[in-house]
Amino acid sequence: MLQTEIRDNILLVKLNRPEKRNALNDATILSIENVFSNIPKGIGCAIIYGEGKHFSAGLDLSELTERDAIEGVHHSRMWHRVLDKIQFGSVPVIALLHGATVGGGLELASACHIRVAEESTFYALPEGQRGIFVGGGASVRVSKLIGMARITDMMLTGRVYKAEEGMMIGLSQYVVGEGEGLDKSIELAQKVASNTGMTNYALMHILPRISEANQDHGMLMESLTAAIAQNTPEAKERLKLFLEGKAKKVGE
Ligand code: 1HE
């Protein structure tokens, strides 16, 4: 149900339940937790993608049986715990999207740091139409990506966004042609993995906290982070190479 492969210093994680459109049952969610809690040493970036014609059809609705309220809370909190392992894990994660990226599938994608969408990607939050509510973090993460008015509309009306529109409103940072997503994601992952550990840590763990802090606290955290980062041996070496004309220029 989940397949992993290591290519150089990149971890590829594939949802592999195409017969159920990569619907996310508890077993899959728990294996995602296991994989992202145990990223092997030496890995610098991970890519998550889906087998078959769709990234993910979201929560496995066949498991949404007779849960009472408190069981429902625990189930949703389990999703939160697992997706936090992606957002606040040890390496940046790229979601490579195609086809349906809906409900819990969009929640999984929105926990990742970069989203690359192939042209077939479409986004929706069908929870509203199913009579339920998002439970895997969409109200927080998707709201932050596209704003509250848009997520409200998506859930009230079942609105579907296609790949290009999705990029325009902030659901993905990239759109690529069909079948080109893996190459693009690997290219991006190599860049991400070539950053210093401190830079990637700051982007994953400190920046989101800064963006939620008040301006005064945010600025202070920024100064502390900048000071720590510029003091690392890796940063000093990189600055030295640049000043000697040996580092790539911007855009190279
Ligand atoms: C599923 C699921 C699923 C497909 N749970 N089994 N998500 C949804 O409301 C989306 C529901 N799915 C769909 O709208 C469509 O399946 C798709 C647009 C994603 C794909 O359509 P298609 O024509 O390629 O596939 P299909 O024929 O609809 O489905 C193939 C099989 O996958 C079929 O099972 P089969 O045994 O009859 O072959 C479907 O029943 C099964 N399948 N999607 C279970 N989601 C943390 S809270 C998050 C809350 C949510 O995510 S709610 C949104 C749920």
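We number each residue from 1, following the sequence as shown. Just so you know, these numbers use all the heavy atoms, side chains as well, and skip hydrogens, waters and symmetry mates.
- Atom CG of Asp26 has more than 12 heavy atoms from other residues, nucleotides or ligands within 6.0 Å.
- From Ser143, atom OG reaches atom CZ of Arg150 across 12.0 Å, with rounding to the nearest 0.5 Å.
- With Leu125 as reference, Ile151 is the one residue of Ile151, Leu156, Val102 to meet the side-chain contact (heavy atoms from CB on, under 4.5 Å) rule.
- The nearest pair of heavy atoms linking Ile94 to Cys112 is C-CB, 4.5 Å.
- Minimum heavy-atom separation, Ser37 to Lys85: OG-CD, 3.2 Å.
- Val13 places none of its side-chain heavy atoms less than 4.5 Å from the side chain of Tyr49.
- Under a hydrophobic clustering in which Ile, Leu, Val, Met, Phe, Trp and Tyr are joined whenever their side-chain heavy atoms come within less than 4.5 Å, directly or via other members, Leu2 and Leu11 fall into the same cluster.
- Looking at heavy atoms from C-beta onward, Phe36 lies out of side-chain contact with Ser90 at the 4.5 angstrom threshold.
- Side chain of Glu244 to main chain of Leu241: no donor-acceptor pair is present (N/O by atom type, distance under 3.5 Å, no hydrogens or angles).
- Summarising the local packing, CD of Gln215 is surrounded by 12 or fewer heavy atoms from other residues, nucleotides or ligands at distances under 6.0 Å.
- Residues Glu164 and Lys162 form no side-chain contact, since every pair of their non-hydrogen atoms from C-beta on lies 4.5 Å or further apart.
- A salt bridge links Arg7 with Glu5: the closest approach of a Lys/Arg side-chain nitrogen to an acidic carboxylate oxygen falls below 4.0 angstrom.
- Between the side chain of Glu118 and the backbone N or O of Glu178, no donor-acceptor pair lies under 3.5 Å.
- Grouping the Ile, Leu, Val, Met, Phe, Trp and Tyr side chains by contacts below 4.5 angstrom, directly or via other members, places Val140 apart from Met154.
- Residues Arg209 and Ile206 are not in side-chain contact: their nearest non-hydrogen atoms beyond the backbone lie 4.5 Å or more apart.
- The residues Arg81 and Glu33 are annotated as salt-bridged, a charged nitrogen and a carboxylate oxygen being separated by less than 4.0 angstrom.
- Under a 3.5 Å cut-off, the side chain of His113 and the backbone N or O of Leu203 do not form any donor-acceptor pair.
- Panel note: side chain Glu51, backbone Pro18; no donor-acceptor pair is recorded below 3.5 Å.
- Taking a cutoff of 4.0 Å between a charged side-chain nitrogen and a carboxylate oxygen, Asp60 and Arg21 do not qualify as a salt bridge.
- Expressed to the nearest 0.5 Å, how far OH of Tyr174 lies from CE of Met167 amounts to 10.5 Å.
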Test log, rule side-chain contact (heavy atoms from CB on, under 4.5 Å), inputs Ser172 and Val116: CA-CA 6 Å; Ser172 79; Val116 175; over 6 Å; no
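- Between Lys191 and Glu187, some side-chain heavy-atom pair lies under the 4.5 Å cut-off.
- The nearest pair of heavy atoms linking Arg141 to Gln87 is NE-OE1, 2.7 Å.
- The same ILVMFWY cluster, assembled from side-chain heavy atoms under 4.5 Å apart, contains both Ile29 and Leu64.
- Residue Ala163 comes nearest to Glu119 through the heavy atom pair CB-O, 3.6 Å, listed as atom of the first residue, atom of the second, then distance.
- Note that OG of Ser194 is 8.0 Å distant from NZ of Lys248, once rounded to the nearest 0.5 Å.
- With hydrogens and angles ignored, the 3.5 Å screen pairs no side-chain donor or acceptor of Ser76 with any backbone N or O of Gly72.
- The structure places CG of Leu108 at 9.5 Å from OG1 of Thr101, a figure rounded to the nearest 0.5 Å.
- Counting only distance, with no hydrogens or angles, the side chain of Asn38 and the backbone of Asn34 share a donor-acceptor pair below 3.5 Å.
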Please test Ile186 against Ile47 for side-chain contact (heavy atoms from CB on, under 4.5 Å), starting from the C-alpha separation and ending with a verdict. CA-CA 8 Å; Ile186 289 176; Ile47 298 170; 3.8 Å; yes
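- Between Thr28 and Ser31, the side chains place no donor N or O within less than 3.5 Å of an acceptor N or O (distance only, hydrogens not considered).
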Begin with the C-alpha distance, continue with both residues' side-chain angles, and end with the deciding distance and a verdict on side-chain contact (heavy atoms from CB on, under 4.5 Å) for Thr4 and Lys14. CA-CA 6 Å; Thr4 58; Lys14 183 160 73 173; over 6 Å; no
Starting from the C-alpha separation in whole Å, work towards a yes-or-no answer on side-chain contact (heavy atoms from CB on, under 4.5 Å) for Arg159 and Glu165. CA-CA 12 Å; Arg159 181 169 183 165; Glu165 273 183 311; 4.1 Å; yes
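- Of the possible polar contacts, one joining the Glu71 side chain to the Asp68 backbone as a donor-acceptor pair under 3.5 Å is found.
- Interatomic distance, OG of Ser56 versus CG of Leu15, reported as 6.0 Å (0.5 Å rounding).
- Separation of atoms CD (Gln230) and OG1 (Thr225) is listed at 11.0 Å; rounding is to 0.5 Å.
- Under the 3.5 Å distance criterion, the side-chain polar atoms of Thr199 are left unmatched by any main-chain donor or acceptor of Asn195.
- Donor-acceptor pairing under 3.5 Å is recorded for the side chains of Arg77 and His80.
- Closest approach of Phe55 and Ala109 over heavy atoms only: CE2-CB, 4.3 Å.
- At a threshold of 4.0 Å, the pair Arg130-Glu127 does not count as salt-bridged, since none of the basic side-chain nitrogens sits closer than that to a carboxylate oxygen.
- Counting non-hydrogen atoms of neighbouring residues, nucleotides and ligands closer than 6.0 angstrom, the CZ atom of Phe88 exceeds 12 such neighbours.
- Using a 4.5 Å cut-off between side-chain heavy atoms of Ile, Leu, Val, Met, Phe, Trp and Tyr, with links allowed through other members, Leu97 and Ile32 fall into the same hydrophobic cluster.
- Asn231 has its side chain out of reach of Ile228: every pair of non-hydrogen atoms, C-beta onward, lies at least 4.5 Å apart.
- Cys45 places none of its side-chain heavy atoms less than 4.5 Å from the side chain of Asn9.
- Enclosure of atom CD in Glu234 by more than 12 non-hydrogen atoms of other residues, nucleotides or ligands within 6.0 angstrom is indicated.
- Of the possible polar contacts, none joining the Asn200 side chain to the Pro92 backbone as a donor-acceptor pair under 3.5 Å is found.
- For Asp8 (side chain) and Ile10 (main-chain N/O), no donor-acceptor pair under 3.5 Å exists by modelled atom type.
- Scanning both residues, Ser110 and Leu145, for their nearest heavy atoms gives CB-CD1, 3.7 Å.
- A tilted orientation is assigned to the rings of Trp79 and His75, their planes being inclined by 30° to 60°.
- Val192 and Leu12 end up in the same hydrophobic cluster when Ile, Leu, Val, Met, Phe, Trp and Tyr side chains are linked at under 4.5 Å.
- Partner Met1 forms a side-chain contact (heavy atoms from CB on, under 4.5 Å) with one of Leu24, Asn22, Asn25 and no other, that one being Asn25.
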